[in-house]
Number of protein chains: 2
Amino acid sequence: MNPKKEDRRVERTRMLLHEALMALILEKGYESVTVQDILDRANLGRSTFYCHYRDKDDLFLKGFDHLHSMLERQHAVAQESGADNPAGFNLSLELFRHAQQNYRLYKALVGRQSGQMLTSHAHTLLTAFVRTHLTDLCTGSKNGPASAELLAHWLASSFLSLLTWWLDNNLPCSAEEIDTLFRKLSLPGVESVIGQSLSH
Amino acid sequence: MNPKKEDRRVERTRMLLHEALMALILEKGYESVTVQDILDRANLGRSTFYCHYRDKDDLFLKGFDHLHSMLERQHAVAQESGADNPAGFNLSLELFRHAQQNYRLYKALVGRQSGQMLTSHAHTLLTAFVRTHLTDLCTGSKNGPASAELLAHWLASSFLSLLTWWLDNNLPCSAEEIDTLFRKLSLPGVESVIGQSLSH
DNA sequence: TCTGTAATGAACATAGCGTTCATTATTGGC
DNA sequence: GCCAATAATGAACGCTATGTTCATTACAGA
């Protein structure tokens, strides 16, 4: 019953699959990786894969939950460091830097060649994260049809748009510069809609 | 040699295929429409399809070029009506209205359920269109790494983000309202980056 | 050592794609 | 109205990839 005592073969197998997928993503891009590719790379049997995961997306997303943890951690940090940064926007620079450090992986995942799956998932995570931070800012302001939901959706799109451009153009500027650009492009719009100045 | 004198069976066949695809998109969404579905609906043979088009995307995009024509026409109108609207942004309202009129189709095409293909194509078209209008605004301004290319990319993303949200939420407000929102969100950012005020 | 559980992998069923080719239908030119 | 050129047909095929089944084997832990 103790999960730790669960057969460690399981954990090992899952790790093998995940690592094989990651390596293949770097080589071919997510979309063109096939289940058979993963199996060959990990030296595992076909049925083994389907014992653990429903399909390729499932394998990837299960391993991708660490981004969610990362967002949560960032959330906690933002909370304790007080309101020196508004609406969790400080996350953007961290993400740009992380993308810079893991350039090839990010490009394979979120670049033009990648598919819908990941971008869509990342958008969902980002939107959810930003929304929680925006809710307080939006309540009480006469923003008409502009809900926190809409703003979060738009901000996530704005961020991913710049990230994609940055990666597809092979990092033509530093993470700090692209982050500055992101803020200069996005924050004025948010301010003008919620009618409230955000400290920057 | 006169293209008009080309066998009119060709034109008819292509129209049948295109209409079948459109009808099916409304029913099942673009991604889940299969070539066989189109064939069954159009009552055409499999080989006939591949005589005319490379694959499903090809069929769709060939028929989709009318949006490109629409953009070109809009371009011409903007040219002759003078510079009363900056940067071709007057296009946005037209597109929102068109989306409202063809609600079900747009939702099937650009909504959450749709795939990458169309969104990506629309993004490319929009980016190209906006870029030509931005080039003059950007030259001569000290915008650092912010190129017209980047701004166009970002603006297209911003527009598509709002369009998607609007459609996925079943048109919670009017086309005019969502367009106003688009401008309020996007234009301040553009102004702050190119350091130049855009009319209203 | 024994026992339950995980891994195996070959075989199968399914689905969709894109091609081929011999045959049939239609059209425009005469 | 007839003919030659061209378009449409559709069944059959090969291919790739998916996801499932099941009897067998390997192994970790008590």
Side-chain angles (χ1 to χ4, degrees), chain A residues 1-25 27-63 108 113-118, chain B residues 1-25 27-63 108 113-118 120-121:
Chain A
M1 28 212 75
N2 187 342
K4 264 277 185 74
K5 286 204 172 174
E6 186 186 47
D7 214 321
R8 286 169 65 191
R9 277 177 295 174
V10 175
E11 193 185 351
R12 180 186 132 84
T13 299
R14 292 188 177 157
M15 204 184 63
L16 282 177
L17 287 171
H18 184 254
E19 284 175 359
L21 175 56
M22 286 303 165
L24 285 162
I25 285 174
E27 292 171 21
K28 318 171 56 174
Y30 181 80
E31 288 304 309
S32 47
V33 172
T34 201
V35 173
Q36 195 58 51
D37 289 339
I38 304 170
L39 268 30
D40 293 345
R41 179 65 57 101
N43 258 310
L44 291 176
R46 187 163 192 72
S47 52
T48 308
F49 178 92
Y50 290 102
C51 280
H52 294 276
Y53 301 102
R54 204 166 42 79
D55 52 26
K56 188 178 66 163
D57 286 3
D58 189 35
L59 165 61
F60 181 73
L61 291 180
K62 290 260 169 67
Q113 60 166 330
S114 117
Q116 172 103 315
M117 207 275 309
L118 173 65
Chain B
M1 32 210 71
N2 186 343
K4 262 280 186 67
K5 285 202 172 175
E6 185 187 49
D7 214 322
R8 286 168 66 193
R9 278 176 293 174
V10 175
E11 193 184 350
R12 180 186 133 82
T13 300
R14 292 189 178 156
M15 203 186 63
L16 281 177
L17 287 172
H18 183 254
E19 284 176 358
L21 174 56
M22 284 306 167
L24 284 162
I25 285 173
E27 291 171 19
K28 318 171 55 174
Y30 182 79
E31 288 304 308
S32 47
V33 172
T34 199
V35 173
Q36 195 58 51
D37 289 339
I38 304 171
L39 268 30
D40 293 345
R41 179 65 57 101
N43 258 310
L44 291 175
R46 187 162 191 75
S47 53
T48 308
F49 179 91
Y50 289 102
C51 281
H52 295 275
Y53 301 103
R54 205 166 43 75
D55 52 25
K56 188 179 64 164
D57 286 3
D58 190 35
L59 165 61
F60 181 72
L61 291 180
K62 290 261 170 63
Q113 60 167 333
S114 116
Q116 172 102 314
M117 206 274 309
L118 172 65
S120 157
H121 186 65

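Residue numbers start from 1 in every chain, and the chains themselves are labelled A, B, ... in the order their sequence lines are given, proteins ahead of strands.
The structure places CD1 of B:I38 at 13.0 Å from CD of B:E19, a figure rounded to the nearest 0.5 Å.
Looking at heavy atoms from C-beta onward, B:Y50 lies out of side-chain contact with B:D58 at the 4.5 angstrom threshold. When side chains are defined from C-beta on, B:V35 counts as touching B:R46, because their heavy atoms get closer than 4.5 Å. The closest side-chain heavy-atom distance from A:L17 to A:R14 is not below 4.5 Å.
Close to D:dT20, at under 4.0 Å from its OP1 or OP2, lies no side-chain N or O of A:S47. Contact between the side-chain N/O atoms of B:H52 and the OP1/OP2 oxygens of D:dA7 is not found at any separation under 4.0 Å.
Note: CG (B:D55) to P (C:dT19) measures 9 Å, nearest angstrom. Between the CD atom of A:E31 and the P atom of D:dA17 there is a distance of 13 Å, given to the nearest Å. Here C:dT23 presents its C1' atom at 19 Å from CZ of B:R46, a figure rounded to the nearest Å. The NZ-P distance, from A:K28 to D:dT16, rounds to 12 Å in whole Å. In this entry the distance linking CG of B:L39 with P of D:dA12 reads 16 Å, nearest Å. Spacing between atom CZ of A:F49 and atom P of D:dA17 amounts to 14 Å, rounded to whole angstrom units. For A:N43 and C:dT8, the CG to P distance is 9 Å, given to the nearest whole Å. Spacing between atom CD of A:E11 and atom P of D:dA28 amounts to 14 Å, rounded to whole angstrom units.
Among C:dA11, C:dC17, D:dT9, the nucleotide with an atom closest to any side-chain atom of B:V35 is C:dC17. Taking every side-chain heavy atom of B:Y50 into account, C:dC17 is the closest of C:dA6, C:dT8, C:dC17. In this structure, of C:dT19, D:dG19, D:dT9, it is D:dT9 that holds the atom nearest to the side chain of B:C51.
At a cut-off of 3.5 angstrom, counting only N and O atoms as typed in the model, there is no donor on one side facing an acceptor on the other between the side-chain of B:R54 and the base of C:dG18.
Across all strands shown, B:T34 has heavy atoms under 4.0 Å from sugar-phosphate atoms exclusively, and none from any base.
The backbone N or O of A:Y30 sits less than 3.5 Å from a side-chain atom of A:K56, completing a donor-acceptor pair.
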